[in-house]
Amino acid sequence: MTTITPQELQGKVGEHLGTSDWVLVDQEMINKFADATGDHQFIHVDAEKAKLTPFGGTIAHGFLTLSLIPMLGASTDGPKVGGVKMGVNYGGNKVRFLAPVRSGKRVRSHVKLLELDEKRPGQWQQTNEISIEIEGEEKPALIAEWITQFFV
């Protein structure tokens, strides 16, 4: 892992920052997310009913896929800013769910740095384009323009 300064990261605006490890989205993960959110729609938790849909089986919640961004980001092979005391999600400019993640599929993220600005001394705001790829599929699960802040 390469450690860089915020200023060095700023010089990478417009560049691909890295790709994460693969993560398995299995039925257990989907069920736990359904329990945590109260969203037990049959396409997520009932394999028999979901088989009768165009999906052919259960699929992950779109928000489950979105919620994987921090975990996937932690395993991204790109440079990391040294001396970060804390990082927080700030929000999204846009999110598009493009393809369902079927239970049992693996996903990974690709990150492109769109903006990096110092808001106050030591407080940086980073905007990334994040694409979550589904293993073996042409279309990504989602593309998001996601904003985080980190403090050094």
Counting N and O atoms only, with roles assigned by atom type, does the side chain of [X] sit under 3.5 Å from a partner on the main chain of [Y], one being a donor and the other an acceptor?
{"X": "T58", "Y": "S103", "value": "no"}
{"X": "S20", "Y": "S109", "value": "yes"}
{"X": "E133", "Y": "R108", "value": "no"}

Gap separating the [atom1] atom of [X] from the [atom2] atom of [Y], nearest 0.5 angstrom:
{"X": "T127", "Y": "Y90", "atom1": "OG1", "atom2": "OH", "result": "10.0 Å"}
{"X": "D117", "Y": "W124", "atom1": "CG", "atom2": "CH2", "result": "8.0 Å"}
{"X": "L24", "Y": "K105", "atom1": "CG", "atom2": "NZ", "result": "11.0 Å"}
{"X": "K85", "Y": "Q123", "atom1": "NZ", "atom2": "CD", "result": "12.0 Å"}
{"X": "L98", "Y": "T65", "atom1": "CG", "atom2": "OG1", "result": "11.0 Å"}
{"X": "Q7", "Y": "L116", "atom1": "CD", "atom2": "CG", "result": "9.0 Å"}

Does the side chain to side chain contact (heavy atoms under 4.5 Å, CB included) test come out yes or no for Q126 and T148, once each step is laid out?
CA-CA 5 Å; Q126 180 173 346; T148 56; 3.8 Å; yes
Nearest atoms (heavy-atom pairs only) where [X] meets [Y]:
{"X": "G18", "Y": "D77", "answer": "CA-OD1, 3.1 Å"}
{"X": "V101", "Y": "A141", "answer": "CG2-CB, 3.5 Å"}
{"X": "S67", "Y": "F33", "answer": "OG-CE1, 3.8 Å"}
{"X": "V81", "Y": "F150", "answer": "CG1-CE1, 3.9 Å"}
{"X": "D46", "Y": "K49", "answer": "OD1-N, 3.1 Å"}

Determine, using the 4.5 Å side-chain heavy-atom cutoff (strictly less than), whether [X] and [Y] are members of one ILVMFWY cluster.
{"X": "V95", "Y": "V25", "value": "yes"}
{"X": "L66", "Y": "V107", "value": "yes"}
{"X": "V111", "Y": "I143", "value": "no"}
{"X": "I130", "Y": "I147", "value": "no"}
{"X": "F42", "Y": "I30", "value": "no"}

**Prompt:** Given V152 and T5, is the side chain to side chain contact (heavy atoms under 4.5 Å, CB included) satisfied, shown in steps?
**Reply:** CA-CA 9 Å; V152 293; T5 67; over 6 Å; no
Using links of under 4.5 Å between side-chain heavy atoms of ILVMFWY residues, direct or through other members, which residues join M86 in one cluster?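 Hydrophobic cluster check, M86: joined to V88, F151.
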- Could you walk me through whether I59 and R102 pass the side chain to side chain contact (heavy atoms under 4.5 Å, CB included) check? CA-CA 4 Å; I59 60 170; R102 290 169 177 78; 4.1 Å; yes
Checklist line | Ionic contact status for E8 with K12, cut-off 4.0 Å | finding: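 No salt bridge links K12 with E8.
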May I ask you to decide whether E135 forms a salt bridge with R106, counting only side-chain N to carboxylate O separations under 4.0 Å?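 A salt bridge is present here (some side-chain N lies under 4.0 Å from a carboxylate O).
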List the residues meeting salt bridge (charged side-chain N to carboxylate O under 4.0 Å, His left out) with E138, not counting sequence neighbours, and say none if there are none.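 With sequence neighbours excluded, E138 shows a salt bridge (charged side-chain N to carboxylate O under 4.0 Å, His left out) to no residue whatsoever.
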- Message: The test is side chain to side chain contact (heavy atoms under 4.5 Å, CB included); show your working for H44 and L64 and say whether it passes.
- Response: CA-CA 11 Å; H44 305 304; L64 167 55; over 6 Å; no
Side-chain donor-acceptor pairs of residues 68-76 under 3.5 Å, sequence neighbours excluded:
from: S75; atom 1: OG; to: D21; atom 2: N; distance (Å): 3.0
from: S75; atom 1: OG; to: L72; atom 2: O; distance (Å): 3.2
from: T76; atom 1: OG1; to: L72; atom 2: O; distance (Å): 3.2
from: T76; atom 1: OG1; to: G73; atom 2: O; distance (Å): 3.3

Distance-only donor-acceptor check, side chains N31 and H40, under 3.5 Å: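 On atom types as modelled, these side chains do not qualify, holding no pair under 3.5 Å.
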Quiz item: Should the pair F63 and F97 be assigned to parallel (<30°), tilted (30 to 60°) or perpendicular (>60°) ring geometry?
Solution: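 Judged by the thresholds at 30° and 60°, the geometry between F63 and F97 is perpendicular.
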